[in-house]
Amino acid sequence: MSEEKEISRRRRQRKRLFGYRWIVKNLPYFLFLAVLAIVYIANGHYADNTVRNINKVNHELKEFQYEYNYLKGQVMFRSKQSEMAKAVEPLGLKELRVPPAMLVDSTGENEK
């Protein structure tokens, strides 16, 4: 009989522990935990999106750097004197073979 009393006492303790009043009493705590879990999940999604955006921007930056270096090389190559001479040859312009003539002031006045 004492064994049956012990079992019924344990059942009452469990009911008391997880009864309606206990749940209502701890409801604010459960809601706080639920909100905390939602914020934690949202923060994880935000971090994933931020990492994706950073990787995308880094990829675009590398592409722009490659394009910049390529165009800079093209400009440097095309601005060489020999390449400029080849480019303007169809226009009838030729490279000077003699140094330019120096003009002298005929009035004799030197402005300094």
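As the structure is a prediction and not an experimental result, all values here were calculated from the model.
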**Q.** Least distance between heavy atoms, Arg78 atom then Met84 atom
**A.** O-SD, 3.3 Å
Q) To which residues is Tyr70 joined in a hydrophobic cluster, defined by side-chain heavy-atom contacts under 4.5 Å among Ile, Leu, Val, Met, Phe, Trp and Tyr, whether direct or through other members? A) Leu71
Q | Partners passing side-chain hydrogen bond (donor to acceptor under 3.5 Å, both in side chains) against Asn49 (at least two apart in sequence or in another chain) | A | Arg52
**Q.** Residue list, side-chain hydrogen bond (donor to acceptor under 3.5 Å, both in side chains) with Arg97, at least two apart or on another chain
**A.** none
Q.
So, using side chain to side chain contact (heavy atoms under 4.5 Å, CB included) as the criterion, who are the partners of Lys80 when residues are at least two apart?
A. Phe77, Ser82, Glu83
Q. With Glu89, which residues qualify under salt bridge (Lys or Arg N to Asp or Glu O under 4.0 Å), at least two apart?
A. none
Pair up each side-chain donor or acceptor in residues 25-47 with any protein partner under 3.5 Å, not counting sequence neighbours, and list the distances.
| unit_1 | atom_1 | unit_2 | atom_2 | d |
| --- | --- | --- | --- | --- |
| Asn26 | ND2 | Trp22 | O | 3.1 |

Q: Return the set of residues passing side-chain hydrogen bond (donor to acceptor under 3.5 Å, both in side chains) with Glu95 (not counting sequence neighbours), or none when no residue passes.
A: Gln81
Q.
Under the side-chain hydrogen bond (donor to acceptor under 3.5 Å, both in side chains) definition, can you give me all pairs with a residue in residues 55-64, not counting sequence neighbours?
A. His59-Glu63
